[in-house]
Amino acid sequence: MSIPNSITPDFYEHVCPDALPTIRGVVEQAIQQEPRMGASLLRLHFHDCFVNGCDGSNLLDDTPTFTGEKTAGPNLNSLRGFDVVDQIKSELNSVCHGNVVSCADIVAVAARDSVNIFGGPAYQVLLGRRDATTASFNDANNDIPPPSSNLQALLSNFQNHGLNLQDLVVLSGGHTIGVARCGIYLPRITNDTNIDSDFRASLQKGCPNAEAQNNNTNPLDSTTTLFDTVYFKDLLQFKGLLHSDQELFKNDGSETDGLVTLYSNNPEAFWADFGASMIKMGNLKPLTGQNGQIRQNCRRVN
């Protein structure tokens, strides 16, 4: 059987019709056990796609001869959900009677299912990606935009990945779920002036010292298990948790201001555009056809 050279919505329809329901079941169970896992699985997909395309490279463990992406700055002690991916892979290898579903596809579907379980859109994931046989520590350090980024740096980063200003704003809306560690938002509450004073004061109480920086977390918005528009409403009040979040709204009449205002008032527009941008991001440089492999174990090359 020839392997298609493009990703399609029905890739597993005949080879393993139970693939998508199996992924959904494990993701639902994982989120039930720990609601934060939904945001972690969404982030896993972002951090995969932004480093040399959506190829499952950030799932690879280091070996004595190989340093992968897990210990790069944006990922170390931060990227999570690897055990859930392992569990999905194990169940798929059973229900599909073999090694059929790629790790890259697992990550893409788990991200969509997480969004949908929290009330967001059930956008259609294109499938048929294959898995990388290598990863890049350096590219992970260079290609994932840090939370200290200003708007121009964020936009340049997204444009380098074939994404535009609207993609930047709407995909940042993924921060409507999940939390951030105090050390990540400390520069914002210490240095930024475009921040609500009561919001700053409340955050400073939870981020008093170096120990807190590593351990204390704060929700990215107040409804951290609902895929809603509170993230955008917070930006309008200068209550964005991260510097990079608040960069999207400065109240200066810019295009990003307009998009933040639109999405804050219009969940349907946010969901529709988020799904479209996730599909676009998920299409970044996928390995297809004979390229890459389908890893038997997502943590290591076959």
Side-chain angles (χ1 to χ4, degrees), residues 3-12 20 23 39-60 68-70 72-75 78-79 81-82 85 101-115 120-147 149 153-175 244 272-295 298 301:
I3 304 170
N5 283 311
S6 61
I7 53 177
T8 63
D10 54 359
F11 188 86
Y12 296 109
L20 297 191
I23 297 172
S40 298
L41 291 170
L42 176 58
R43 191 157 170 262
L44 203 58
H45 185 39
F46 279 114
H47 282 224
D48 181 26
C49 292
F50 267 58
V51 184
N52 300 317
C54 311
D55 58 6
S57 58
N58 63 352
L59 305 175
L60 288 169
E69 297 167 21
K70 287 182 175 178
N75 297 334
S78 169
L79 214 56
F82 302 112
V85 173
V101 183
S102 70
C103 302
D105 277 350
I106 289 171
V107 171
V109 175
R112 187 274 311 275
D113 288 347
S114 297
V115 166
Y123 59 88
Q124 192 172 52
V125 182
L126 301 178
L127 300 162
R129 298 170 191 78
R130 287 163 67 83
D131 297 323
T133 55
T134 185
S136 175
F137 174 85
N138 288 338
D139 290 344
N141 275 322
N142 293 327
D143 291 352
I144 297 167
S149 300
L154 290 167
L155 184 56
S156 296
N157 185 293
F158 270 63
Q159 288 172 336
N160 289 340
H161 289 97
L163 300 169
N164 61 28
L165 182 134
Q166 182 176 354
D167 298 318
L168 165 62
V169 176
V170 76
L171 291 175
S172 296
H175 283 175
S244 55
D273 291 350
F274 185 84
S277 288
M278 284 295 285
I279 292 166
K280 191 172 168 184
M281 185 188 79
N283 209 2
L284 292 176
K285 294 194 285 190
L287 298 170
T288 58
Q290 299 295 334
N291 297 313
Q293 61 180 214
I294 298 175
R295 297 203 295 263
C298 291
V301 175

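Because the structure is predicted, anything quoted here is derived from the model rather than measured.
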Supply the atom-to-atom distance [X] [atom1] to [Y] [atom2], rounded to the nearest 0.5 angstrom.
| X | Y | atom1 | atom2 | value |
| --- | --- | --- | --- | --- |
| Gln159 | Leu168 | CD | CG | 9.0 Å |
| Ser102 | Asp131 | OG | CG | 4.5 Å |
| Phe82 | Leu41 | CZ | CG | 10.5 Å |
| Ile144 | Leu79 | CD1 | CG | 7.5 Å |

Note, [X] side chain near [Y] side chain (heavy atom, < 4.5 Å):
| X | Y | answer |
| --- | --- | --- |
| Asp48 | Ser57 | yes |
| Leu60 | Val301 | yes |
| Arg112 | His45 | no |
| Leu44 | Leu59 | yes |
| Val101 | Val109 | no |

**Message:** side chain to side chain donor-acceptor pair (under 3.5 Å) for Thr8 and Asp10? Distances and angles first, verdict last.
**Reply:** CA-CA 6 Å; Thr8 63; Asp10 54 359; 3.3 Å; yes

Kindly give the heavy-atom pair with the smallest separation between [X] and [Y], and that separation in Å.
| X | Y | answer |
| --- | --- | --- |
| Asp55 | Ala104 | C-CB, 3.6 Å |
| Ala132 | Arg295 | O-NH1, 2.6 Å |
| Leu154 | Ser244 | CD1-O, 3.6 Å |
| Tyr12 | Asp105 | OH-OD2, 2.5 Å |
| Pro74 | Arg43 | O-NH2, 3.4 Å |
| Ile106 | Cys298 | CD1-SG, 4.5 Å |

**Prompt:** Knowing that exactly one of Asn283, Ile279, Leu287 qualifies, which makes a side chain to side chain contact (heavy atoms under 4.5 Å, CB included) with Ile7?
**Reply:**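 Result for side chain to side chain contact (heavy atoms under 4.5 Å, CB included) with Ile7: Asn283.
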
**Request:** Could you list all the salt bridge (Lys or Arg N to Asp or Glu O under 4.0 Å) pairs where at least one residue sits in residues 272-282, not counting sequence neighbours?
**Result:**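 For residues 272-282, and leaving out neighbouring residues, the salt bridge (Lys or Arg N to Asp or Glu O under 4.0 Å) pairs sorted by first residue read Asp167-Lys280.
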
**Request:** Evaluate the criterion side-chain contact (heavy atoms from CB on, under 4.5 Å) for residue pair Arg129 and Phe11; output intermediate values, then yes/no.
**Result:** CA-CA 9 Å; Arg129 298 170 191 78; Phe11 188 86; over 6 Å; no

**Request:** Check Asn75, Asn58, Asp143 against His47 for a side-chain hydrogen bond (donor to acceptor under 3.5 Å, both in side chains) and give me the one that passes.
**Result:**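 Answer to the side-chain hydrogen bond (donor to acceptor under 3.5 Å, both in side chains) test with His47 among Asn75, Asn58, Asp143: Asn75.
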
**Message:** Donor-acceptor pair, distance only, cut-off 3.5 Å: does the side chain of Ser156 make one with the backbone of Ala153?
**Reply:**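 Such a contact is absent between Ser156 side chain and Ala153 backbone.
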
**Request:** Starting from the C-alpha separation in whole Å, work towards a yes-or-no answer on side chain to side chain donor-acceptor pair (under 3.5 Å) for Thr133 and Gln293.
**Result:** CA-CA 7 Å; Thr133 55; Gln293 61 180 214; 5.9 Å; no

**Request:** For side-chain contact (heavy atoms from CB on, under 4.5 Å), just list the numbers for Ser136 and Asn52, CA-CA rounded to whole Å, side-chain angles, deciding distance to a tenth of an Å, and then say yes or no.
**Result:** CA-CA 8 Å; Ser136 175; Asn52 300 317; 3.9 Å; yes

**Prompt:** Which of parallel (below 30°), tilted (30 to 60°) and perpendicular (above 60°) describes Phe274 and Tyr123?
**Reply:**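 Judged by the thresholds at 30° and 60°, the geometry between Phe274 and Tyr123 is perpendicular.
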
**Prompt:** Do Gln166 and Ser277 have side-chain N/O donor and acceptor atoms under 3.5 Å apart?
**Reply:**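 No, Ser277 and Gln166 have no side-chain donor paired with an acceptor closer than 3.5 Å.
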
